[in-house]
Amino acid sequence: MKNLLVLLLLLPSVVFAQAKVDTIEVYSEAMNKTLKAAVTIPSSYDGTKQFATLYLLHGGSGVFSDWHQKVTERGLLNRMAEEYELIIVTPGVGPHSYYFDSPKMDSVQYETYITTELIPHIDKTYKTLAQKESRAITGLSMGGHGAIVLSAKHPDLFTAATSMSGVMNIDTRLWKVPAEFSTLRQSQQQEMLGKDLLYDAPFSTYTAVGLVDKMKENGIALLMDCGVDDFLLETNRQMHQLLLDNGTPHDYTERPGAHTWEYWTDALPFHLLFVDKHLSR
């Protein structure tokens, strides 16, 4: 009984110091609609100290809550927010939007939404360090594409960008997927970007591999990883080679795994270690 009492006395400091999660709604004037996001806040947040921010993007056909509900380690984001004393924002976007602004569809303006609507809203609502040196972005699959593209096009907003199993090239000819899925994604891309969309080099700036020269100019810290059994592996290898060819410093890793939540659950702490080195507090 004495040992049990000692354990119970110790538990509050171990168990009850937990990050909390706010679900918020942000109105987009660019798209005339309201979008949800989850904001994970460390327990040390008391409204006085300012915190660095990580934007964590979901994949194709995903939603803002995926990183909370689908990871194989329950409460992973809460643990990451606690360990790194970091605000983590997981925004929701269109299911196959790639986080860009469509020249054809007013309902797909997610680059504008993230960079000029969501980030200012977060900085106004929460005690953030509202500077590029204290802001990073990452994501899985389509979200990896978004993280790399948004950081390349907006180097004034981010100090580091990483990608987990990212769509580094939207050209589905490089994807190891069934023909039906490849055709579906191509038709969706052409609906958003136009029927004359070209996939061959010189690459479009609507795809991550088309922005490697900007990545070299910007000097943003970059990390990309992909599983060796992932259907997007060739797009990651292509990006890695292009960055080697133009001399852009970056970290690149291939590990065992496929396009799964098990892989991304294991990958996120690795990415946080990288991001934390570059964030200013």
Side-chain angles (χ1 to χ4, degrees), residues 26-35 55 57-64 91-119 137 139-158 161 163 165-218 224 231-239 241-243 246 259:
V26 180
Y27 176 72
S28 169
E29 291 187 7
M31 295 181 285
N32 190 29
K33 61 184 176 184
T34 299
L35 298 149
Y55 286 81
L57 310 182
H58 67 72
S61 301
V63 295
F64 78 98
V93 302
H96 50 267
S97 64
Y98 298 95
Y99 295 86
F100 51 52
D101 283 355
S102 165
K104 301 289 185 179
M105 300 173 66
D106 292 340
S107 61
V108 179
Q109 302 294 312
Y110 292 106
E111 177 185 342
T112 293
Y113 168 65
I114 297 289
T115 61
T116 69
E117 296 177 330
L118 177 64
I119 290 176
I137 188 167
L140 69 88
S141 193
M142 183 185 82
H145 179 271
I148 298 302
V149 168
L150 293 177
S151 63
K153 296 178 73 173
H154 300 274
D156 56 315
L157 293 179
F158 306 102
S163 165
S165 313
V167 184
M168 294 296 95
N169 191 334
I170 63 173
D171 182 359
T172 61
R173 295 175 300 179
L174 296 174
W175 303 8
K176 293 182 180 179
V177 294
E180 296 81 4
F181 184 77
S182 176
T183 300
L184 173 63
R185 282 291 187 258
Q186 285 184 3
S187 65
Q188 291 166 339
Q189 292 167 13
Q190 290 172 0
E191 182 182 8
M192 290 182 287
L193 301 177
K195 297 291 185 181
D196 57 349
L197 175 62
L198 297 176
Y199 291 106
D200 296 318
F203 300 112
S204 165
T205 55
Y206 284 104
T207 189
V209 292
L211 296 168
V212 292
D213 288 339
K214 284 187 174 293
M215 295 175 205
K216 182 177 182 178
E217 295 170 8
N218 296 339
M224 300 160 202
F231 71 87
L232 292 169
L233 180 60
E234 290 306 315
T235 75
N236 283 265
R237 288 177 171 174
Q238 182 185 52
M239 171 66 86
Q241 189 59 54
L242 289 170
L243 293 175
N246 78 351
H259 211 73

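For the single chain, residues carry numbers from 1 onward in sequence order. These numbers come from the heavy atoms of this one structure, side chains and all, not from hydrogens, waters or symmetry mates.
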| remark: Note: Val167 and His145 closest approach over all heavy atoms is O-CD2, 2.9 Å

| message | As an exercise, state the distance from OG1 of Thr207 to CD1 of Ile148, rounded to the nearest 0.5 Å. | response | 11.5 Å

| remark: In this structure, NZ of Lys153 is separated from CD of Glu111 (nearest 0.5 Å) by 3.5 Å

| Atom CE of Met192 and atom OH of Tyr206: how far apart are they, to the nearest 0.5 Å? | 11.0 Å

| field | Ser187 side-chain N/O to Leu184 backbone N/O, donor-acceptor pair under 3.5 Å | value | yes

| request: Report the C-alpha separation of Glu117 and Leu35 in whole Å, then their side-chain angles, then the decisive distance to 0.1 Å, and conclude whether the side chain to side chain contact (heavy atoms under 4.5 Å, CB included) test is met. | output: CA-CA 11 Å; Glu117 296 177 330; Leu35 298 149; over 6 Å; no

| Considering residues, nucleotides and ligands other than Asp106, do more than 12 of their heavy atoms fall under 6.0 Å from its CG? | no

| task | Just say parallel, tilted or perpendicular for the rings of Phe231 and His259, cut-offs at 30° and 60°. | result | tilted

| query | Between Leu57 and Gly143, which heavy-atom pair has the shortest distance, and what is it? | reply | CD1-O, 3.5 Å

| task | On the 0 to 90° scale, with breaks at 30° and 60°, tag the Tyr110-Tyr113 ring pair as parallel, tilted or perpendicular. | result | perpendicular

| Closest heavy-atom contact between Asn218 and Ser151? | ND2-O, 3.9 Å

| request: Identify which one of Leu174, Asn169, Thr235 satisfies the side chain to side chain contact (heavy atoms under 4.5 Å, CB included) criterion when paired with Val209. | output: Asn169

| field | Pair Lys214-Glu217, salt bridge (Lys or Arg N to Asp or Glu O under 4.0 Å): steps then yes or no | value | CA-CA 5 Å; Lys214 284 187 174 293; Glu217 295 170 8; 5.3 Å; no

| note | Note: Ile137 and Leu150 closest approach over all heavy atoms is CD1-CD1, 4.0 Å

| message | Does Gln190, at its CD atom, have more than 12 non-hydrogen atoms belonging to other residues, nucleotides or ligands within less than 6.0 Å? | response | yes

| Got a second to check how far Thr172's OG1 is from Gln189's CD, nearest 0.5 Å? | 6.0 Å

| request: Using the six-membered ring wherever Trp is involved, compare the ring planes of Phe181 and Trp175 and label them parallel, tilted or perpendicular (cut-offs 30° and 60°). | output: tilted

| field | Whether over 12 other heavy atoms sit under 6.0 Å from Lys33 NZ | value | yes

| note | Residues passing the side-chain contact (heavy atoms from CB on, under 4.5 Å) test with Glu191, sequence neighbours excluded, are Met105

| query | Rounded to the nearest 0.5 Å, what separation is found between the NZ atom of Lys216 and the CG atom of Leu211? | reply | 15.5 Å

| Is it true that a side-chain atom of His58 and a backbone atom of Val93 form a donor plus acceptor pair closer than 3.5 Å? | yes

| For Asn236 against Gly166, the heavy-atom pair lying closest together | ND2-O, 3.0 Å

| remark: Separation between CD1 (Ile170) and CZ (Phe100), nearest 0.5 Å, reads 5.5 Å

